[in-house]
Asks: 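Quick one: the structure is below, and I'll ask about it shortly.
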Amino acid sequence: MAAEPTKHDTLLRQWQMLRLIPRYPAKITAGDICDRLATDGFKVTKRTVERDLASLSEVFPLLSDEREKPFGWSWKKEAVPLDVPSLGNGEALAFKLIEQYLAGLLPHATLAQLAPYFRMAGQRLNTLPKGSSFQAWSDKIRVVQPAQPLLPPKIDARVQQMVSDALLFDRQLVVRYQKRGEDELREYLAHPLALIQRGAITYLVATLFDYADPLLLAMHRIRSADILDERVHRPKDFDIDRYIAKGALGFGDGKLVKLEAIFYEPAAEHLYETPLSEDQVITPVDDTRVRVTATVANTPQLEWWLMGFGDAVEVVKPASLMEGIREMVQNMAAQYQLR
DNA sequence: AAGTCTCACCCGACACGGTT
DNA sequence: AACCGTGTCGGGTGAGACTT
């Protein structure tokens with residue numbers, strides 16, 4: 001049904017226009033705005049858009065770059081995003097949470113674009129009445145790690161920017177990297193593939209030089225990074241989810257093994273709800289113990305996890321894992337001998 | 001290098017239809 | 001009748017392509 005234009009439509013269209021206009025130095029032309037509006041269902045001529053821009057710029061801090069045609073329209077750099085109350089309480093809260101928990105994973109450019117929204121979200125939440133349910137929400141939500149909490153290491157701001165830009169635009173990087181336990185820097189030509197945050201630490205997944213195997217570079221050990229014009233050579237079969245599933249983040253070789261272990265029942269309780277793998281099987285051994293089998297990546301992470309149960313678990317298979325733990329326990333026993 | 005042509009763009013003027 | 005929002009038209013303009 002082709003509705004006649006009404007005042008209502010005009011208002012909505014101009015509001016939508018304000019949202020389409022980017023912040024300086026980005027800009028958008030009247031023609032582009034017209035096209036974008038058309039896809040949003042506002043079918044008007046460019047002339048109307050031009051008139052709208054002219055009248056909107058009398059009220060809002062908009063500027064047009066008239067050095068060349070077509071003119072480019074932007075919000076002034078310092079403008080508060082949308083001088084209309086467009087950020088609802090829920091949105092403000094969402095921005096706040098993004099800022100708190102995802103800042104390390106977002107492209108630098110995106111973060112810079114979002115900065116005014118983060119500011120606005122903070123203001124918005126601060127102006128809510130004390131004890132408002134939205135304001136209280138951010139005091140009711142925390143993401144915690146199941147391991148011992150560690151303070152996040154410092155990541156060089158420029159490195160963060162270069163790496164995220166390279167990742168975003170699929171560009172190669174020259175990184176100078178300080179391997180753990182080494183004083184000297186090594187210089188690598190890196191093909192960035194992914195960013196992974198694991199607990200307090202953020203890793204860059206990349207291949208180096210012409211090698212095909214992806215490996216992990218801890219972001220905080222990258223001392224400098226420079227972006228190149230050359231495009232990344234991305235291994236055809238690289239898949240971030242498979243990479244993680246293979247156990248890369250446990251720092252092992254990630255070979256899948258059949259784990260078999262005898263747990264004291266209470267220790268295995270949570271495995272019913274959060275199994276180790278799809279093929280996990282739990283069978284009773286006696287009144288107090290169960291046998292757990294599952295196919296998992298054989299990584300140090302697995303060993304740490306098992307060790308965390310102390311004497312509430314006995315690893316049966318694989319033999320290598322069992323031997324490793326046995327050796328560790330013997331050494332511990334020796335260390336704690338009464339003297 | 002200078003002149004000409006073409007094109008896209010901006011913007012003022014006007015007409016039209018709907019609302020107040 | 002006055003006003004408003006919009007589409008249409010055409011003049012002025014500047015950039016780039018083309019010609020001389």
Side-chain angles (χ1 to χ4, degrees), chain A residues 1-95 106-121 123-125 127-128 134 158 161-162 164-174 226-234:
Chain A
M1 210 183 4
E4 291 298 312
T6 66
K7 272 189 175 172
H8 195 54
D9 282 341
T10 306
L11 188 62
L12 290 180
R13 183 187 71 234
Q14 294 181 346
W15 190 7
Q16 181 64 15
M17 281 179 63
L18 291 172
R19 300 164 77 169
L20 289 174
I21 297 171
R23 178 177 307 276
Y24 182 87
K27 55 188 181 178
I28 187 170
T29 66
D32 287 342
I33 290 176
C34 190
D35 292 343
R36 296 279 301 274
L37 285 176
T39 63
D40 290 332
F42 299 103
K43 299 220 167 20
V44 291
T45 59
K46 189 148 64 77
R47 183 73 192 93
T48 297
V49 171
E50 287 163 4
R51 274 192 286 252
D52 283 346
L53 284 169
S55 53
L56 285 173
S57 62
E58 287 175 14
V59 185
F60 295 100
L62 303 178
L63 59 88
S64 68
D65 178 357
E66 307 189 353
R67 284 171 303 181
E68 61 181 38
K69 288 182 175 179
F71 299 169
W73 289 82
S74 342
W75 284 90
K76 286 180 185 168
K77 197 173 180 183
E78 70 281 6
V80 175
L82 271 195
D83 254 337
V84 286
S86 61
L87 207 54
N89 295 344
E91 293 159 297
L93 180 59
F95 275 117
L106 287 170
H108 181 272
T110 306
L111 270 184
Q113 278 172 6
L114 291 179
Y117 291 91
F118 292 149
R119 258 205 320 279
M120 194 177 184
Q123 286 166 6
R124 178 97 198 168
L125 292 174
T127 57
L128 291 175
F134 276 102
R158 195 184 129 80
Q161 172 172 1
M162 287 292 153
S164 72
D165 281 359
L167 198 59
L168 184 63
F169 299 114
D170 282 327
R171 298 287 189 70
Q172 298 180 21
L173 274 175
V174 173
D226 288 297
I227 204 161
L228 302 179
D229 285 336
E230 283 76 20
R231 293 187 67 82
V232 160
H233 301 158
R234 175 174 277 263

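Quick caveat: nothing in here was measured; it's all calculated off a predicted structure.
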Asks: Rounding to a whole Å, what distance do you find between A:F42:CZ and C:dG7:C1'?
Replies: 18 Å

Asks: Only counting residues at least two apart or in another chain, list the ones meeting side-chain contact (heavy atoms from CB on, under 4.5 Å) with A:I33.
Replies: A:M17, A:L20, A:I21, A:I28, A:L37, A:V49, A:L53

Asks: Using side-chain hydrogen bond (donor to acceptor under 3.5 Å, both in side chains) as the criterion, list what pairs up with A:R158, not counting sequence neighbours.
Replies: A:D226

Asks: For DNA chain B, determine which residues of residues 26-33 of chain A have any heavy atom closer than 4.0 angstrom to one of its atoms, and list them numerically.
Replies: none

Asks: Among residues at least two apart in sequence or on other chains, which ones pass side-chain hydrogen bond (donor to acceptor under 3.5 Å, both in side chains) with A:E230?
Replies: none

Asks: Any side-chain heavy atom of A:L62 sitting closer than 4.5 Å to one from A:K76?
Replies: no

Asks: Rounded to the nearest Å, what distance is computed from the CG atom of residue A:D65 to the P atom of nucleotide C:dG14?
Replies: 15 Å

Asks: Below 4.0 angstrom from OP1 or OP2 of C:dT6, is there any side-chain N or O of A:R13?
Replies: yes

Asks: Tell me the salt bridge (Lys or Arg N to Asp or Glu O under 4.0 Å) pairs involving residues 49-61 of chain A, sequence neighbours left out?
Replies: A:R13-A:D52, A:K46-A:E50, A:R47-A:E50

Asks: Quick one: NZ on A:K27 to OG on A:S64, what's the gap to the nearest 0.5 Å?
Replies: 10.0 Å

Asks: Measuring only between side-chain heavy atoms, which start at C-beta, is A:T29 closer than 4.5 Å to A:F71?
Replies: no

Asks: Roughly, in whole Å, what's the span from CZ in A:F71 to C1' in B:dC11?
Replies: 9 Å

Asks: Could you state the atom-to-atom distance from CG of A:L37 to C1' of C:dG7 in whole Å?
Replies: 16 Å

Asks: Tell me which residues in residues 45-54 of chain A put a heavy atom below 4.0 Å from DNA chain C, sorted by number, or none.
Replies: A:T45, A:R47, A:T48, A:R51

Asks: Mind listing the closest non-hydrogen atom pair of A:S57 and A:W73 along with its distance?
Replies: CB-CZ3, 3.8 Å

